[in-house]
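Predicted model only: the values in this text are computed from it and were never measured. Chain letters run A, B, ... following the sequence lines, proteins first, then strands; residues in each count from 1.
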Amino acid sequence: MIEVKDLHKQYGDIVALDKVSLTVGRGELFGLIGPDGAGKTSLMRILMSLLLPDGGTATMNELDVVKDYKEVRLITGYMPGRFSLYPDLTVEENLKFFATVFGTTIQENYYLIKDIYQQIEPFKNRRAGKLSGGMKQKLALSCALIHKPEILILDEPTTGVDAVSRKEFWEMLKRLKSMGITILVSTPYMDEASMCDRIALIQQGRLMSVATPHEMIESFPEDLWAVHTRKIYETSKHLEKLSSTLSVNSFGQVLHLVTSKGVHSAESIQKYLLEKGELEITIEPSSATIEDVFILLMNHHKHLK
Amino acid sequence: MITTEPVITVKNMVKKFGNFVANDNLNFEVYKGEIFGFIGANGAGKTTAIRILCGLSTPTSGEMKVGGFDIYRQTEKIKQNIGYMSQKFSLYEDLTINENIRFYGGIYGMKIADRKVRTEKMLERLELTEYRNRKIGDLPLGWKQKLAFSIAILHNPKIVFLDEPTGGVDPITRRQFWNLIYEAVEQGITVFVTTHYMDEAEYCDRVSIMAEGRIVALDTPERLKKQYSANNMDEVFLKIAR
C-alpha cells in the first residue's frame, strides 16, 4: 500500500504539492484526478524516487521512498506520461530489456501481460518508435508489469487516447487489480473516475477531496438541476442572474444549474424563466457527476484565496 | 450564423502512404460560420486530413478547396486565410505574450495599427493586459490555451483549425474556452475542431466521425443521437467505433 504524509514540493515560487496526505490500500485501484499542472506528476515522481520531496514522507509497502529507494524500485512498475521506451529497439527487445534489468524473463511472468501483450505481439519485430499511440501504450504497460510489481503507478495513460481505447485500457486495469496489484493512476478525464475504487480530486497542489466516486456524488452539498433548452447561451445567461445560483455550466446539450440547498424547486425555476420569456424548457433535479463536484470545489477554493 | 455556403469542399480525397490508405475517399463540405467537429479513434486519419486542408501535405488524389482556394496550387493563399492551434504546439514558451503576438502578426502580414488595436481588445477580453510582458512558459496551461486560440484568430482568418485544443485543461477553463469559440463564430469565423471529450462533440453544429480512414457518419449531434438511439455523443461514438 501507499502512504503519503504532508508531502511538500516546490519549484522556485511555485508550490507543486502543498502538504498532501493520502493512503492507498493494498489491492486498491486509486485515481488521481485533475488538470495539467495540478501536481499529479510531481507526486508520482516522488513515489518513484525520481524526485526528492522538500518535506513530508511517503512509503510504498512500508518502504520509505527516499531511504529505501532501491527496494521501492524493485516492487513498483511505472508508466510515465511521456513515452519513454527505447524507440530504436523493437517491441520484443524493449520487453526483454526491462525483464533482464529486473533479473527476470519474459516467460516467467508472461501470464501477467498475456492479455495486453498478445495485442501487439504480431508487431514484435517493429521498432517501438514506429508504433501507433495505442500500441505504444500497451507496450509501455507490458514493460511496467514484466517484473511482477506489487504496485503499479501510471501517469496519465489515457491522455490523448480516443474514447473507445480508453474504455479498453480501464478494462485491462481492472483485470490487473483482480490479480492483487495496487494501482495508482492519474487522469485529466473526469468521466474515468467511476472506474476507480477511490479517487482524489487534485488542483493546484492540493487534494480537494478523497472518497469513493459514489460517496463524492452522493455528498454533493447543493441542489443540482438539469435544464433542457434550445437556446443554451441565452438560458444560461438568465440562470446566472437567478437568486442563489452558484454556477451554470453546459454538459453537452444540457445545462447543469447549481443552486443553494433547499431554496428552489423545479417549478420556481421554471416560473422565473417564463418571466424572462423562455417557454420551451424542461427542468428536473439531477444527480451530480464528478465534473460537477470538481467545479464546485474549484470555485470554493477560489473564494477562499 | 450558419449558412449553406461551403467554405471547405472535399471531393474524393485520398491520401496513401505506400500501401497504407490514411484517407479513403473522403467527401464533405464545411459551411461558413459553423462549428464542425472532426471526431475519430487514434489512427483513424484525422491528423492526415487536417494537414492536407491546412496546405501542409499534398493529397494523393481528389479535389479540395479551402476558403475558396485550391489545395494543390494555392497553399500559400490557404495558409494566409486560416488559423491553427493544437494542444501540442501553440506559442513560443521563451517569448512574452507581447512578443508572441508581434511574431504571429508579422507572419500573417498584419498591418501594425490593425494589430495593435486587435491586441488591446483581445488582452482586455482575456483579462491579461497587465501580464503582457510575462513569458508564455510562466503562464498556467489554461491561460496559454485561451491565449493561443485568440492569437490564432487575431488576423481574422476565414477558418480556424483546432486540434484537441482542450486536452488536459480543467473543467472550468474548458468551458471558458468554448465561450471563446462561440465568440469567434459570432465574428463570422468557421471552426474546425477535433476533440476526445464527447460532451464537446455536442457543442458542434455538425459532427463527422472517422474510422479506418473513412467518414462513417456526418450529421448534427441531435440527428446522430436519434439515428443510433443514443442518449449522448459518447454512446454514438462507442456504437460506431467499436
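The distance between the ring centers of B:Y182 and A:Y233 does not fall below 6.0 angstrom. For B:F38 and B:F161, the ring centers sit 6.0 Å or farther from each other.
Contact count against chain B (heavy-atom pairs under 4.5 Å) is highest for A:A163 among A:G37, A:A38, A:A163. With respect to chain A, the highest number of heavy-atom pairs below 4.5 Å among B:E164, B:H196, B:E202 belongs to B:H196. Between chain A and the residues B:T173, B:D170, B:L141, the most heavy-atom pairs under 4.5 angstrom are made by B:D170. Across B:N232, B:D199, B:V169, B:I172, the residue that shares the most heavy-atom pairs under 4.5 angstrom with chain A is B:I172.
Neither the backbone nor the side chain of B:K144 comes within contact range of chain A; no heavy atom of the residue lies under 4.5 Å from a heavy atom of that chain.
Salt-bridge check for B:E235 with B:K225: failed, with every basic side-chain N at 4.0 Å or more from each acidic carboxylate O. Between B:K32 and B:E5, no side-chain nitrogen of the basic residue sits less than 4.0 Å from a carboxylate oxygen of the acidic one, so the salt-bridge criterion is not met.
For the residue pair A:E240 and A:T245, no side-chain donor N or O sits within less than 3.5 Å of a side-chain acceptor on the partner.
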